[in-house]
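The structure appears below as structure tokens.
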Amino acid sequence: MRPTTMKPDHMHTNKHADEAEQLEETTLKTFTFRELATATKNFRQECLLGEGGFGRVYKGTLQPTGQVVAVKQLDKHGLHGNKEFQAEVLSLGRLDHPNLVKLVGYCADGDQRLLVYDYVTGGSLQNHLHEPKSDREPMDWTTRMQIAYGAAQGLDYLHDKVNPPVIYRDLKASNVLLDDDLCPKLSDFGLHKLGPGTGDKMVALTSRVMGTYGYSAPEYTRGGNLTLKSDVYSFGVVLLELITGRRALDTTRPNDEQNLVSWAQPLFGDPKRYPDMADPVLENKFSERGLNQAVAIASMCVQEEATTRPLISDVMVALSFLSMSKEDGVPTTVPILSFRDKSMSIALSRHDSDLASSKLAVEDEKSSTSSDKESSVDSMKERVIKREEEDSLSESDDGSGSNSDEEQEEDRNSLSTEPIDEKNQAQSLKINYRYSWEEVDVSDEKLSSKGSQKSNDESIYSCYDIEVDHDDLPRNEKHIHLEHIHSSKSEDDQSVYFDDEPGDDNEISFHRIKSEVDVDYVEDDSGTSLHPVK
Ligand SMILES: Nc1ncnc2c1ncn2[C@@H]1O[C@H](COP(=O)(O)OP(=O)(O)OP(=O)(O)O)[C@@H](O)[C@H]1O
């Protein structure tokens, strides 16, 4: 069980030079079959966690460390040669993110191929959502949004942070594992090249696709044309499951309700019916705005046309805000200017009654990076225009809904022909938010900096240059960068705090945010207000 740094045979060739460099740094453990047999009590039935499309999974305890692991014994048919297997495993081994199940090592012994993962203690999202237990409380709204946010971060890592990007292919509630703190970890990514179902094993592939039918993007089920946007579709289905508590495919329901997406599609256009979509076990304990935005995000993700689905990075930004949404004083408004793809901004603004009154024109070239592999250049350079309130109201009044594919297409067309006012072409933008807060006497021992997920939120706050402005003071007299956000360590206190610059006495003072955040106006680099909203 020694840690080994493996160098595949092909690493000296030019073609694989970059990959080889990365692989050189990969440290995975290699195991003998005997070691894993010992860990799993000889693959005894009592250690069997389940069986999936790639083989059986056993819970095991490694000796002598006592580390608890999940051992996946890959089915033998469709097995690859040793070198090919090692190369694939090595590329999986370099993936490392808090929201991905970590590959610890592997075994390639004779014709045995096994993968060894960190054991994730809390079961899957499928278990939590669809297999209720009397000793387990139903998940509340915020927890659901936090799980969605974490899963989006894991997917964003695969899509946007590793090179080449990894298409997940099999995202579903049973592959979202949860640790004891309900932090999500995606499992089963990148296995398609290892197990059955590749090359001439199309029969096996078909059965896998059928098995995950409710999650598969239409283009995949039609012809197997997989892209990053197919993953976004599957993500949308998981998000819908979180919102509705319904299974992706449920044959126990009436025919027209069996497929979650088909059931939800007609409802997407009618925000008044969103509360009926929400999981009844939530007992309406969520903010209407949060629900509207979550449904809007899900509806964007499960669009039939792959190119109109949002990037997972945009989904992640939107969910970062929804995952913080609490009843008292926490921002729920998604900063619409943060998105790399404007279609997300439009969809969310149209589902957000408060924002519908604003009219913003934005050119945010900085946020459109070269790593944005799927957005068209045109789309990134187009101006994001928020419709005036009257537009939005007149559309929702006639009951025709606000988020159908045709309407979004219409939006895109009208947006791209909108005359561009050169004067307003800002290179970077500040979004000013209006908060009200109260200074509170609270000891910093009672507050924690946000946890790992929350620290990402912090970076979003600072990265988008959000400023707060005291309600009672004229603008520009008091601006505070909302960088240091804290939560209470006490479960009873759901407030969000931020700290001020230390004063003369070097004491940090804390403020509790009282009301929801509102977009006030946007500024360009020079501080000129482009479109005052109020
Ligand atoms: N790292 C892990 N920690 C804890 N349990 C795991 C781990 N990996 C898999 N499991 C559990 O093992 C069982 C089988 O998992 P597996 O991923 O092979 O199948 P699946 O997700 O049910 O189906 P599919 O292969 O079609 O995705 C599931 O119950 C899963 O929750």
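Whatever order the structure lists them in is the order used to number ligands and atoms, beginning at 1. Values in this document were obtained by computation on a predicted structure and should not be read as measured data.
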Looking at residues at least two apart in the chain, or sitting in another chain, which of them share a ring-ring contact (aromatic ring centres under 6.0 Å, His included) with Tyr157?
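His97.
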
Need the ligand 1 atom indices (1-based, order shown) with element for anything under 4.0 Å from a heavy-atom of [X].
X      : result
Gly52  : 18 (O), 19 (O), 23 (O), 24 (P), 25 (O)
Tyr119 : 3 (N), 4 (C)
Gly53  : 24 (P), 25 (O), 26 (O)
Ser174 : 21 (O)
Lys72  : 16 (P), 17 (O), 18 (O)
Ala70  : 1 (N), 2 (C), 3 (N), 7 (C)
Lys172 : 23 (O), 24 (P), 26 (O), 27 (O)
Val101 : 1 (N)

Would you indicate whether the side-chain heavy atoms of Met139 and Leu125 approach each other to under 4.5 Å?
yes

The criterion is side chain to side chain contact (heavy atoms under 4.5 Å, CB included); which residues satisfy it with Leu49, sequence neighbours excluded?
Val57, Lys59, Ala70, Tyr119

N/O separation below 3.5 Å, Val120 to ligand 1:
yes

[X] bridged to [Y] by N-O distance under 4.0 Å:
X      : Y      : value
Asp109 : Arg34  : no
Lys229 : Glu219 : no
Arg144 : Asp279 : yes

Which bit of [X] is near ligand 1, meaning a heavy atom under 4.0 Å away: side chain, backbone, both or neither?
X      : result
Asp118 : backbone
Leu49  : both
Arg56  : neither
Asn175 : side chain

For the pair Asn175 (side chain) and Asp170 (backbone), establish whether a donor and an acceptor sit closer than 3.5 Å, ignoring hydrogens and angles.
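Checked: pair present.
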
Among Asp188, Leu177, Leu125, closest by any non-hydrogen atom to atom 17 (O) of ligand 1:
Asp188

Contact between ligand 1 and Lys59 is defined here as a heavy atom of the residue under 4.0 Å from a ligand atom; is it met?
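Contact absent.
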
Tell me whether ligand 1 is touched by Lys185 - counting only heavy atoms on the residue side and a distance under 4.0 Å.
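Contact absent.
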
Check the pair Glu84 / Arg113 against salt bridge (Lys or Arg N to Asp or Glu O under 4.0 Å), numbers first and verdict last.
CA-CA 12 Å; Glu84 204 179 349; Arg113 302 280 183 275; over 6 Å; no

Is the ring pair Phe33/Phe43 parallel, tilted or perpendicular, if the boundaries are 30 and 60 degrees?
parallel

Please determine whether the number of non-hydrogen atoms from other residues, nucleotides or ligands lying under 6.0 Å from atom CD of Glu51 exceeds 12.
yes

